[in-house]
Amino acid sequence: MTLWSGRFSAGMDDALWDLSESYSFDHVLYPYDILGSKAHVLGLVHAGLVSADEGSALSAALDEVLAEFAEERFVRASSDEDIHMAIERRVTELAGDVGAKLHTARSRNDQVATTFRLFTMNAVLRVAAGCLELVDVLVAVGERNAGASLPGYTHLQRAQPILLSHHLNAHAWALLRDVDRLLGAKDRMSVSPLGAGALAGTSLGIDPTVAAIALGFHDIFANSLDAVSDRDFVAEALFDIALLGVHLSRMGEELVLWTTTEFNFAVLGDEYTTGSSMLPQKKNSDVAELARAKSGRLVGNLTGLLVMLKGLPLSYNRDLQEDKEPLFDSYRQVMLVLTALSGAYESMSFNADVAARSADDESMVAIDIAEELVSEGVPFRVAHERVGQLVGEAVRSGRPLADVVAANPDFERFTDLFEPGVSLARRRSPGSSGPEGAGLQLHRLKSVRESLGIRVTQADDIPDKGEPIE
Ligand code: ARG
């Protein structure tokens with residue numbers, strides 16, 4: 001018998017039960033649901049709807065249920081449709097008659113919205129902290145390989161030489177934007193829906209601010225319909241994770257390229273590579289491939305949620321139960337990738353000699369010659385055309401560009417530009433890839449990282465019962 005069976009004369013068919021039960025996946029929400037229920041009890045006591053003693057009894061029973069879950073002693077009853085009903089059922093068993101008062105002035109609709117917000121707020125903070133760890137690794141790898149260079153690419157064609165640290169820091173900046181976005185999302189979702197009831201509030205004199213304050217929410221809902229039907233917070237979290245996943249996939253793709261025999265810019269540690277069941281020589285960068293692959297799934301979870309939400313009439317609809325698995329999945333998967341990619345970069349040896357040889361590819365000196373001409377007063381388009389002719393001559397004749405330049409009396413004063421490392425060192429505009437601005441950029445990056453780290457710690461104001469998914 002379910003907790004809502006009063007008006008029914010027949011039990012639910014197994015087929016409907018299997019379709020609609022959500023305990024099998026939403027039981028992981030137990031710490032947040034118990035937290036929400038304890039805060040609700042405070043509101044009930046405050047409103048005089050339960051006595052202080054009754055409130056204590058309910059709260060003690062909720063603590064006992066929490067312990068049962070944490071110690072894996074909780075036994076699901078066959079009638080437990082979802083985590084909310086399971087907890088209420090057990091509280092009633094433990095606390096006796098007073099258990100029947102727990103759900104006063106509350107519906108599962110405002111309850112689930114509250115519980116899931118708390119989960120999501122915690123989850124986005126954990127993801128943000130994971131991003132910061134990866135940022136630290138990227139910066140450390142850049143510092144460990146100070147001065148190492150490689151070609152910078154556009155269209156995956158060699159374009160201009162850059163420092164390895166500049167390249168890794170580019171990824172770090174994207175991750176720092178992810179952290180900022182996740183913090184913004186956490187801030188926006190910090191609005192308590194508890195007290196909205198099923199959809200229209202209640203005639204009982206409950207003050208939603210009491211529970212909201214106990215739960216660390218920054219605000220309470222203004223409109224009960226919106227409170228129970230709003231899943232923007234899930235969509236935002238899924239988007240932020242999907243975009244982060246896209247960033248991680250780009251890093252993964254690059255590691256795949258760098259660790260090929262053809263590029264050979266980097267080697268991952270044995271502990272971050274896999275072998276082949278057939279080919280004894282293989283050392284595969286599966287970690288990078290999976291980082292690349294998971295992003296598809298993260299985008300899929302976002303898309304699935306948006307399509308589910310589209311066209312839903314106000315207010316709560318059972319469709320909304322489908323909001324959980326995408327977020328659980330995205331959270332779990334992105335955390336796996338963040339941790340594994342951090343380890344993979346940490347284990348990476350950068351083949352500085354090989355990469356430097358590519359970075360000194362003489363074709364990339366073409367722009368330096370053009371810029372020298374500009375410094376001498378030649379309009380850039382004219383300089384571009386003249387250097388382009390030299391490049392064309394080198395390509396057609398099969399001679400190195402340096403030789404063509406040295407043999408041309410109009411250009412031979414530029415031959416020094418072909419010395420290794422010269423092109424890279426010349427890059428000195430703000431934010432550019434050369435060594436001159438590297439210190440300033442690193443300083444800037446570290447100070448943004450520090451302030452985001454402080455914000456992540458400060459944002460962790462949700463009463464916490466451990467990891468979002470244990
Ligand atoms: N398990 C449900 C969910 O996740 C809880 C809310 C059920 N509400 C209802 N009116 N049936 O959305």
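Whatever order the structure lists ligands and atoms in, that order sets their numbers, starting from 1. Just so it is clear, the values below take in all heavy atoms, side chains as well, and ignore hydrogens, waters and symmetry mates.
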So, is the end of the Lys324 side chain (NZ or CZ) under 6.0 Å from the ring centre of Phe116 and within 45° of the ring's axis?
->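 Checked: cation-pi criterion met.
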Looking at His167 versus Trp258, is the centre-to-centre ring distance below 6.0 Å?
->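 His167 vs Trp258: aromatic centres under 6.0 Å.
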With a 6.0 Å cut-off on ring centres, are Phe119 and Phe328 close enough?
->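 Aromatic pair counts; centres sit under 6.0 Å.
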Under 3.5 Å, which donor-acceptor pairs do the side chains of residues 335-345 form with other protein atoms, sequence neighbours left out?
from   : atom 1 : to     : atom 2 : distance (Å)
Thr339 : OG1    : Met335 : O      : 2.8
Ser342 : OG     : Leu338 : O      : 2.9

Please say whether more than 12 non-hydrogen atoms of neighbouring residues, nucleotides or ligands are located less than 6.0 Å from CD in Glu68.
->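 More than 12 within 6.0 Å, yes.
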Taking it one step at a time, do Asp207 and His46 satisfy side chain to side chain donor-acceptor pair (under 3.5 Å)?
-> CA-CA 8 Å; Asp207 176 0; His46 179 263; 4.7 Å; no
For ligand 1, what is the set of protein residues having any non-hydrogen atom at a distance below 4.0 Å?
->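 Residues near ligand 1: Ser22, Asp82, His84, Arg108, Asn109, Val112, Tyr316, Gln321, Lys324.
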